[in-house]
Structure formats: structure tokens, C-alpha cells
Amino acid sequence: MITFHFYGHACFSLQHGNTTLLFDPFLTDNPFQTASPASVMCNYILVSHGHSDHLGDTISIAVRTGATVITTAEIAHLCAENGCKTHAMHIGGKYSFDFGAVRVTPAFHGSGIAGGHAAGFIVKLAGTTIYYSGDTALFGDMALLSRLEPIDLAILPIGDNFTMGIDDAVEAVRLLQPKKVIPIHYNTWPLIEQSPIEFQTKVQQAASIPVLIVQPGESIPITK
Ligand code: NI
Ligand code: MN
């Protein structure tokens, strides 16, 4: 069984046995204040892009824990220069780690770092395929991603303004056809205030796919 823990905004972890993957560890200055960067433990940190609400506390957590940072080449270079263990990848690439495979997917968004590109990830962990889109606009090739890697769980932004809003994320769910969806990247600041219940209702109507609403600081089990 995999445990999904939500730290609020776009920061979450997936834990299975002795493996914890931490995604976009924005903890300092995260208004949800669910954890201190000094207390989080993980084996790997996956960073989707260089904006401060995603790169966040990556360097301090990686240096303290010895976790390997899995990210695009430009961000990996920045982290390595600051003393982190890194595994550089890029969009379209796949690699098999000890816990399972990671595919780096495109995202339509700013990179937050010179020469970089925003990304998402498809992670295979304990026989479960999880797609984290990162910050992105809706794009039609989400249908292609799900054809390549049938998706058990999709983790998608719904906050609008910087990323997909509710209606575009509903369309993303129709393209991805995942077994379950978790919405993130909303209600962190007034600019991205959205109702996850509205998203849940619209996904139910459009695609009959369950939307799991996870509160910041809450953990839930992910079953296939
Ligand atoms: Ni961003
Ligand atoms: Mn963001």
C-alpha cells in the first residue's frame, strides 16, 4: 500500500515501505504550515520546476537527509552546486530507480530557472502508476501520456491563474482517464481560491472518476 501525504499547495509525499518520495517541497513560507523542512524525511525529492513554491526547501532537505534530487538538468545542476545528490533527467526520458520508474513529462508553464523547462512526472511505485502534472495548462497530449502509461492516480492543479483551473482540469481528467484524482495547488493564496467540491462534482458528472479531497497535513492510503 502507498501512503499519500499532503503538505499543502503542491507539496506531497508518496511512501511505500522504506521508500519516501517527496514532491515539490515548499514548506518554508507555505501558508498551510504543515511541517518544518528540518523534520521531513525522504529518500528522493522530485522537483517539477524552479518556481519558489516548488523548488522550495529542496536543497536544505536534500543536504540534511542525503536524499537524491530527481529533476530536470538545469535544476539538478543548481542543486548539485549546492551540495545535493542529484539525478538529472529531462522531458521524454525514463529511468528505473530502485523504487520503480520515473518518466519526465512536458508541462506548459514557466521554468523558474534560466534555460530550463517546467515538467511533470509519471512515477511507478509498488505497481501503481501515478501522474503528477506539475504546474501546467491543459494540453491535448495528456491523452497520449495515458495511452503510454495507463494512470491509476492523477495529481492535478485546479487553482487557475497560474495553472489549469477547475474546468480545464476536468477536461484533463477526461483525457487522462485515471482511476482516481487528487486536486492540489489551490486555496494557498486568495489568487488561487477554488472549491475542490465543485471540481469533484464536475469530474463525477463528466467522467465518473472519484476525486479524493485531501486536507493539508492529512495522509490517505492509495490502493490500485
Ligand atoms: Ni510554477
Ligand atoms: Mn506553482
Note to self: Could you measure the distance from the OG1 atom of T19 to the CZ atom of F97? Nearest 0.5 Å is fine.
What the structure shows: 12.0 Å
Item checked: Sidechain-backbone polar pair: T71 side chain, V47 backbone, donor-acceptor under 3.5 Å -> yes
Next item on the list: State the OG1-CG distance between T163 and L156, to the nearest 0.5 angstrom.
Entry: 9.5 Å
Next item on the list: Determine, using the 4.5 Å side-chain heavy-atom cutoff (strictly less than), whether V40 and L55 are members of one ILVMFWY cluster.
Entry: yes
Item checked: Donor-acceptor contact present, side-chain E218 to main-chain Q215, <3.5 Å -> yes
Check: What is the ring orientation for F26 with W189, classed by angle as parallel under 30°, tilted 30 to 60°, or perpendicular over 60°?
Finding: tilted
Next item on the list: Would you please test S13 and F23 for side-chain contact (heavy atoms from CB on, under 4.5 Å) and show each step?
Entry: CA-CA 6 Å; S13 64; F23 291 76; 5.8 Å; no
Next item on the list: Look at the side-chain heavy atoms of Ile, Leu, Val, Met, Phe, Trp and Tyr, link any pair under 4.5 Å apart, and say whether I151 and L153 land in one connected group.
Entry: no
Notebook entry, point to check: Any side-chain donor-acceptor pair under 3.5 Å between D24 and Y7?
Noted result: no
Note to self: For the CZ atom on R147, are there more than 12 heavy atoms of other groups (residues, nucleotides or ligands in this structure) within a distance under 6.0 Å?
What the structure shows: no
Next item on the list: Of all the heavy-atom pairs spanning R64 and A38, show the shortest one and how long it is.
Entry: CZ-O, 3.3 Å
Next item on the list: Give a yes or no answer on whether the side chain of N187 reaches the backbone of Q194 with a donor-acceptor pair at less than 3.5 Å.
Entry: yes
Note to self: To the closest 0.5 Å, what do you measure between CD1 (I122) and CG (L176)?
What the structure shows: 8.5 Å
Next item on the list: Over all heavy atoms of both residues, which pair between G8 and P216 is shortest? Give the atoms and the distance, please.
Entry: CA-CB, 3.9 Å
Check: Which of parallel (below 30°), tilted (30 to 60°) and perpendicular (above 60°) describes F12 and Y132?
Finding: perpendicular
Next item on the list: Kindly compute the distance separating CZ (F139) from CG (L145), expressed to the nearest 0.5 Å.
Entry: 5.5 Å
Next item on the list: Would you check if the side chain of T86 reaches a backbone N or O of A88 as a donor-acceptor pair within less than 3.5 Å?
Entry: no
Check: Is there side-chain contact between T3 and L14, with heavy atoms separated by less than 4.5 Å?
Finding: no
Next item on the list: Could you check if a side-chain atom of I182 sits within less than 4.5 angstrom of a side-chain atom of I222, using non-hydrogen atoms only?
Entry: yes
Notebook entry, point to check: What distance separates F199 CZ from M164 CE, expressed to the nearest 0.5 Å?
Noted result: 7.5 Å
Margin query: Would you say that D141 contacts P106 through its side chain, given a criterion of any heavy-atom pair below 4.5 Å between the two side chains?
Written below: no
Note to self: For D98, is the CG atom crowded, meaning more than 12 foreign heavy atoms sit under 6.0 Å from it?
What the structure shows: yes
Margin query: Contact between V181 and Q200 at the side-chain level, heavy atoms closer than 4.5 Å - yes or no?
Written below: no
Next item on the list: For the pair Q15 (side chain) and T20 (backbone), establish whether a donor and an acceptor sit closer than 3.5 Å, ignoring hydrogens and angles.
Entry: no
Check: Would you find a donor on one side and an acceptor on the other, under 3.5 Å apart, between the side chain of E149 and the backbone of S146?
Finding: no
Item checked: Salt bridge K180-D152, side-chain N to carboxylate O under 4.0 Å -> no
Next item on the list: Output yes when a side-chain donor or acceptor of D57 lies under 3.5 Å from a complementary backbone atom of L27, and no otherwise.
Entry: yes
Check: Does C84 reach the side chain of V63, with side-chain heavy atoms less than 4.5 Å apart?
Finding: yes
Item checked: Where A137 and M142 come nearest, the two heavy atoms and their spacing -> O-CE, 4.1 Å
Checklist line | ILVMFWY network linking Y95 to I91, side-chain heavy atoms under 4.5 angstrom | finding: yes
Margin query: To check you understand the geometry: which heavy-atom pair defines the closest contact between P37 and T28, and what is its length?
Written below: CG-OG1, 3.4 Å
Check: About how many Å separate CD1 of I166 and CD of E198, when rounded to the nearest 0.5 Å?
Finding: 4.0 Å
Notebook entry, point to check: Would you say the side chains of H49 and E74 form a donor-acceptor pair under 3.5 Å?
Noted result: no
Item checked: Pairwise side-chain contact, Y131 with V123, heavy-atom cut-off 4.5 Å (strictly under) -> no
Next item on the list: Could you label the plane-to-plane angle of the H185 and H54 rings as parallel, tilted or perpendicular, counting under 30° as parallel and over 60° as perpendicular?
Entry: parallel
Check: Which heavy atom of S133 sits nearest a heavy atom of A107, and at what distance?
Finding: O-CB, 3.8 Å
Check: Are F6 and I130 in one and the same hydrophobic cluster, where Ile, Leu, Val, Met, Phe, Trp and Tyr link if side-chain heavy atoms are under 4.5 Å apart?
Finding: yes
Note to self: Are V170 and I209 connected into the same hydrophobic cluster when the rule is that any two of I, L, V, M, F, W, Y join if their side-chain heavy atoms are below 4.5 Å apart?
What the structure shows: yes
Check: Under the side-chain contact (heavy atoms from CB on, under 4.5 Å) criterion, do L21 and V102 qualify, and how do the steps go?
Finding: CA-CA 11 Å; L21 313 180; V102 173; over 6 Å; no
Margin query: To check you understand the geometry: which heavy-atom pair defines the closest contact between D160 and I192, and what is its length?
Written below: O-CG2, 3.4 Å
Notebook entry, point to check: Under 3.5 Å, is there a donor-acceptor pair linking the side chains of H51 and D135?
Noted result: no
Check: Side chains of L22 and Y44: closer than 4.5 Å at any heavy-atom pair?
Finding: no
Check: With a 3.5 Å cut-off and no angle check, do the side chains of H9 and T188 form a donor-acceptor pair?
Finding: yes
Check: Would M89 and R103 count as a side-chain contact (heavy atoms from CB on, under 4.5 Å) if you check the C-alpha gap in whole Å, the side-chain angles of each, and the deciding distance to 0.1 Å?
Finding: CA-CA 9 Å; M89 297 183 70; R103 176 197 284 267; over 6 Å; no
Check: Quick one: does P25's side chain get under 4.5 Å of I45's, heavy atoms only?
Finding: yes
